[in-house]
There are 2 protein chains.
Amino acid sequence: MSGTHVLDSLLAISRILEADQERELDRRGLTVPRTHLMWVLFHEGPQTQVHLAEQLGVTPRYVTTLVDALDATGLARREPHPTDRRAVLVDLTERGLSMMETMDAEHEQLGASLIDGLDGETVAAAIRALDHVRGRLETLVAEHEHAQKEREEW
Amino acid sequence: MSGTHVLDSLLAISRILEADQERELDRRGLTVPRTHLMWVLFHEGPQTQVHLAEQLGVTPRYVTTLVDALDATGLARREPHPTDRRAVLVDLTERGLSMMETMDAEHEQLGASLIDGLDGETVAAAIRALDHVRGRLETLVAEHEHAQKEREEW
DNA sequence: TATTGTTATACTCTATAACTATA
DNA sequence: TATAGTTATAGAGTATAACAATA
């Protein structure tokens, strides 16, 4: 009963966060996967496309498309890899970097404003519960993946 | 600081829930928006396409595409509207219905299993916090929308 | 021979604009 | 004239398969 309440609240919050994020990105002419790619560059520095594909959980082919789009809009660029002539290093441009800095600040601000008005104990309990839920979910997902592999073997 | 923790936990949980959901749907040959449409039919009964478009927050044109796909896979069907010959009523087939029943049960089970192992007080505090966060988010989104409208007026 | 990235192709998500049939 | 749904078109997300250049 209350478990369903927790799940439904989480799903509702997800939907709102996602919709708000998409609207904010749209306003800047960005899209979710492109921003995600820039986010990785922002936090981990220049990367090869294969590495980006792993980080983002998408195919290398799709990274080509994303980088093409970011390049065309002047947010990222390809540079030659210093030692491997097959590979390129993708990096943020000045404009891409300053955009990520702005978004990073907004992220912090949003986080603070979410718990604004809640007492410390409730926040602490919520953090405990969220961490627990996250752990449970990771276990469940692992089980699902296991079940799927078994299925695929037949 | 802890606000960012809450936000990051929520985002991480969203990502996991979404990825897991997509994998489960994929396994059944479904997609997220098609399932969402079936979910509405399951909970609210047969609907016109215009009404479905409103419920799902998409264009009527896209509902046509979704219903076409569900029809082609035998999960939903179009029926003539009893009084308005322009309109159709979309309804679940037997197979669509039983699929929704299965998913509904799994949803309940997932909810229960998420809080499995947490004491009642923590769960209560988490629910309080989540409801608060949701309210804050709704306020923020409304503010964003307001700001956007102002921008558009110039 | 294995790996990096790209060309070719295809399906799904989603929108806008124009149109048909009916209200 | 307004509304319900569809044809036409298009951009974005995403995948697989085949291929080129380089390791």
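Lettering of chains follows the sequences in order, A, B, ..., and the numbering in each one begins at 1.
By the salt bridge (charged side-chain N to carboxylate O under 4.0 Å, His left out) test, A:Glu106 pairs with A:Arg28, sequence neighbours left out. Residues passing the side chain to side chain contact (heavy atoms under 4.5 Å, CB included) test with B:Ala129 are A:Leu118, A:Thr122, A:Ala126, sequence neighbours excluded. When the side-chain hydrogen bond (donor to acceptor under 3.5 Å, both in side chains) test is applied to B:His51, the partners found at least two apart in sequence or on another chain are B:Gln47, B:Gln55. Take B:Ser14 and apply the side-chain hydrogen bond (donor to acceptor under 3.5 Å, both in side chains) test, not counting sequence neighbours, and it matches A:Ser14.
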List the atom pairs, with distances to 0.1 Å, where a side-chain N or O of residues 136-143 of chain B and a protein N or O form a donor-acceptor pair under 3.5 Å, not counting sequence neighbours.
unit_1   : atom_1 : unit_2   : atom_2 : d
B:Arg136 : NE     : A:Ser113 : O      : 2.8
B:Arg136 : NH2    : A:Ser113 : O      : 3.1
B:Thr139 : OG1    : B:Gly135 : O      : 3.0

Name the atoms and distances for all side-chain donor-acceptor pairs under 3.5 Å in residues 67-76 of chain B, with sequence neighbours left out.
unit_1  : atom_1 : unit_2  : atom_2 : d
B:Asp68 : OD1    : B:Arg78 : NH2    : 2.1
B:Thr73 : OG1    : B:Ala69 : O      : 2.9
B:Thr73 : OG1    : B:Leu70 : O      : 3.3

Would you list the atom pairs, donor with acceptor, under 3.5 Å between side chains in residues 82-90 of chain A and any protein atom, with sequence neighbours excluded?
unit_1  : atom_1 : unit_2  : atom_2 : d
A:Thr83 : OG1    : A:His81 : ND1    : 3.4
A:Asp84 : OD1    : A:Arg86 : N      : 2.9
A:Asp84 : OD1    : A:Arg86 : NE     : 3.2
A:Asp84 : OD2    : A:Arg86 : NH2    : 2.9

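Summarising the local packing, CD of B:Glu121 is surrounded by 12 or fewer heavy atoms from other residues, nucleotides or ligands at distances under 6.0 Å. Few gaps surround NE2 on B:His43; more than 12 heavy atoms of other groups in view lie less than 6.0 Å from it.
A 4.5 Å side-chain heavy-atom check between B:Asp8 and A:His107 finds at least one atom pair inside the cut-off.
In this structure, CG of B:Leu89 is placed 12 Å from P of D:dA4, rounded to the nearest angstrom.
Counting 5' to 3', DNA chain C first comes under 4.0 angstrom of a heavy atom of chain B and last does so at the ends given by C:dT12 to C:dA23.
Using a 4.0 Å heavy-atom criterion, one finds that A:Val63 contacts no nucleic acid atom at all.
Sorted by residue number, the list of members of residues 19-36 of chain A with any non-hydrogen atom under 4.0 Å from DNA chain C is empty. Annotation: proximity of residues 46-53 of chain B to DNA chain D (heavy atom, distance under 4.0 Å) is found for B:Thr48, B:Gln49, B:Val50, numbered in ascending order. For DNA chain D, none of the residues of residues 69-78 of chain A falls under the heavy-atom distance limit of 4.0 Å.
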* Evaluation steps, side-chain contact (heavy atoms from CB on, under 4.5 Å), between A:Glu145 and B:Arg23 -> CA-CA 9 Å; A:Glu145 273 166 6; B:Arg23 203 163 31 69; 3.9 Å; yes
* Which is it for A:Thr31 and A:Leu25 under the side-chain contact (heavy atoms from CB on, under 4.5 Å) test, yes or no, and what are the steps along the way? -> CA-CA 6 Å; A:Thr31 69; A:Leu25 293 184; 6.0 Å; no
* Applying side-chain contact (heavy atoms from CB on, under 4.5 Å), run through B:His5 and A:Asp131 and close with a yes or a no. => CA-CA 10 Å; B:His5 187 143; A:Asp131 287 348; 3.5 Å; yes
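Aromatic ring orientation, B:Trp39 versus B:Phe42: tilted (interplanar angle from 30° to 60°).
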* Asked: Can you give one letter per nucleotide of nucleotides 15-23 of chain D, going 5' to 3': B for a protein heavy atom under 4.0 Å from the base, S for sugar-phosphate only, - for none?
  -> SB----BBS
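To the nearest 0.5 Å, atoms CE (A:Met99) and CD (A:Glu94) are separated by 12.5 Å.
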